[in-house]
Structures are given as C-alpha cells and as structure tokens.
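Throughout, a chain's letter reflects where its sequence line sits, starting with A, and its residues are numbered from 1.
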Number of protein chains: 2
Amino acid sequence: MPLKHGLLGLLNYGQMTGYELDKAFKASLNHFWQAQTSQIYRELNVMEKFGWLTSEIIFQTSKPNKKLYSITDSGKLELTHWIAEKNLGEEIQLRNEFLMKLFFAGERNVQENISMLKTFKSKCMEALTKLSQTDHSLDYYRAKLGETDNSKTLYWRLTSQFGQAYLNMCIGFAEESIKTLEE
Amino acid sequence: MPLKHGLLGLLNYGQMTGYELDKAFKASLNHFWQAQTSQIYRELNVMEKFGWLTSEIIFQTSKPNKKLYSITDSGKLELTHWIAEKNLGEEIQLRNEFLMKLFFAGERNVQENISMLKTFKSKCMEALTKLSQTDHSLDYYRAKLGETDNSKTLYWRLTSQFGQAYLNMCIGFAEESIKTLEE
DNA sequence: TGGGTCATGTAACCTGTTACATGATTAG
DNA sequence: CTAATCATGTAACAGGTTACATGACCCA
C-alpha cells in the first residue's frame, strides 16, 4: 500500500494536517506516485482506524478548523517494516499507456506515429523542467525540517535523479524511434 | 482505459477466446501492462455490452465449451480513436513503489539500503532476460498472423526496446547509487 | 467583485487484486 | 498417479478517479 506508507513517511517527519500532507505529497512524491486530494483524506481515516495515526482538532477563528495528524509507535513500526519488505519485484514493473498505444500503432500511417512520438518527446522535456522545480521544493522542506546532515535529503535526491534518468531515456527513445520511422 | 483497448487491439488481429486473449496479453503486453485473468473476463463482458465485441459459443466434446470473441466496427472505431487521442501527458507518469521506499530510506542505516539497491539491480537484470523471451513470442505471433511485412512487428519491437532501455537505465541507476552510498 | 488560499470532505463509479470454484483430458 | 492444460468465471475487497459541496478570508 504505497500511498498509505508515503503518508506515514511524511508524518514521520512531523505532525501535519490533511491539507498540508496533500501539498507536501504533491511537492515531493508526485513525480513517482500520484494521489487525489480526496483519496488522501480517505486514506487518513483508514489509517487512523488501523491505529497508525492519532488526530487532534485545532479550532481556529477566521479560518476553518483543522485536524492535525501524528504518527503513532505502531505507525512507525509499520513504516519500517514496509521499507524492509523483501518483495522488490512487482514493484519494478512498468505500467505505461503510451506504450500500449505505440504497440498498436501499426494500424495507422507512419506520419501520424512520428507526430505522436514528437508529442511524447516534448511532454518528457516539459516533465524534466518540472522535476528541477521538485529539487527546489526539496531544499525548502530540508530547511523546514532543520536538517543539517544529508541523511534524508540524500535519498530524496536519488529519487529525483531516477526521474531525470527516466525522462532522458524516454527522450532518447523517442529520437531513435523517430529516426527509424523516417527511413 | 488501456486494458480494454489492449484487448481490442489484440482482437483486431483476429478472433480469440478469453483464454487465448489472456495468454496473448501475457506474452506480448505484459512488460508494460499487467492484468489478472479474472479482470480480462470481466472487461470482455463490459466491452460486449458496449457493443465493441460480439461473441459466439463454440461447443466442444472432450474439452470445455468456449466463447469466441470478434471485434465489431464500433470496436474498431473506438480503437483508432483511442490511439489518436491527444491526451499524451498523464500517460507518461511514473508510478513506482520502489522509489517510494527509497525516498524514505533515510530512516535506516546505509548498509541495508545498499543491499536493497543490489536486490533491485538483480531483479532488473532478471527482467531483462525475460524481455528477450518476449521478443521470441513476438516472432511466434508474427508467424501466426502470417505477416510478411514489418508494419506491425516494427511497433511491437519498439515497445520491447523501450523496456530494455528502461531496465538498463535502472541498472545504471542502481550502480551509481550504490557507489554514492558506499562513500 | 472576482479569484486564490485555507480546509474539510462525501458519493458514485471504475479499475485492479485476491481467493475461490469446477472438472475433464492429456502427457510424463 | 500427478501435474499441467483447457476454459470459464464469481465475490469480495482495495485502490484510484471524477464530480461536487461548503464557506470565510484576503488581495488586487
């Protein structure tokens, strides 16, 4: 359950409301996992029932009240167990709708497919730009956590490097494929 | 709906039963999309209700009866529309549980993380071996379709090349990351 | 006065996963 | 005799998506 564990991991850095979690999630984990705001609120309820979290309502005037979540000891255990799971294997599988389209692209003429690959390439280049923005928000969160050493940010940076390597690979693939089709 | 359209695409090559579709799916599309057998049967029912397919029951002695599906004109239209959709964008997003674990790996000691990356690397190398088997089954299906030209198999091969490039990128990433952590 | 931020969700639906069920034939 | 192949699913549950609702405050 990667979404639940992602939320656990973020709460392990400190207490947060659902609203803040949603923003933190989208600023840090979004390039390799996506979640809707509504889904995050739903999962938080479930996780509280599991005993992984506790919540406390903060009453506010001139702003809506909010619910501050904290990770419990049981939640911390769950997080470390999940990280240590030896299940790596299904987790590496690709699920890619673009490749599904490409697979069946033989139904169309070559020109349309070249233009599809060009669109793909430019989307990847856009995404690459956005990823560097993720790096900036990592710096922001590191400052917020008052991290002096690299123990956490090192791994954050690794995931972002993976994202970059992936997108560069996609761009290279698109270029190669376009060349092949142009022959 | 990539699964429905993947099934449409396969049926567009010729009539098949659910059982045969399941095998064809797993032999050709599985490296970028996964589906359970039960899900395939369920989707076929839905697609028939949509009018994308028709089915005919083949009675057999000494073997269970079977249901042979054929794509309709409306199904063919749907397939080509879906391929031509200009939505490329969400389709390129990564969803990777391994990266989620890596992101939060700062909670553990470096040795455990190095060993996780080594496991990751060896799983990727295994997957690379399996992919070359996919190439063989593509040859098998090409022969079955009696394809003389490359119009379809060219695109099949491209998706397989993408898979190879992806896995090689993962292996390189793992090696680099292990080096960084060993410092 | 209109749009953005703050802050919470519910409801319905679609898609994916897991577990289970049946039962004959055929190849080693 | 046993395991695989053939061939079909159902049921329950988990996870993801889409659409909608509420309402005050603040800034331009």
Is B:T17 side chain donor-acceptor paired with the D:dT8 base, going by distance under 3.5 Å alone? no
Distance-only donor-acceptor check, side chains B:H5 and A:E97, under 3.5 Å: no
Spacing of B:Y41 atom OH relative to C:dT18 atom C1', expressed in whole Å: 17 Å
With no angle test and no hydrogens, is the base of D:dG16 tied to the side chain of A:R42 by a donor-acceptor pair under 3.5 Å? yes
Do the side-chain N and O atoms of A:Y166 and B:N96 include a donor-acceptor pair separated by under 3.5 angstrom? no
Looking only at side-chain N and O atoms, does A:S55 offer a donor or acceptor that is under 3.5 Å from a partner on A:E48? yes
Value in whole Å for how far the P atom of C:dT8 lies from NZ of A:K66: 8 Å
From CE of B:M1 over to P of D:dT17, roughly how many Å is that when rounded to an integer? 14 Å
Tell me the interatomic distance from B:M47, atom CE, to C:dC14, atom C1', rounded to whole angstroms. 15 Å
d(OH, B:Y69; C1', D:dT8) in whole Å: 10 Å
On a plain distance test, is the side chain of A:T37 in donor-acceptor contact with the base of C:dT8 below 3.5 Å? no
Could you give the CE-to-C1' distance, from A:M16 to C:dT8, as a whole number of Å? 17 Å
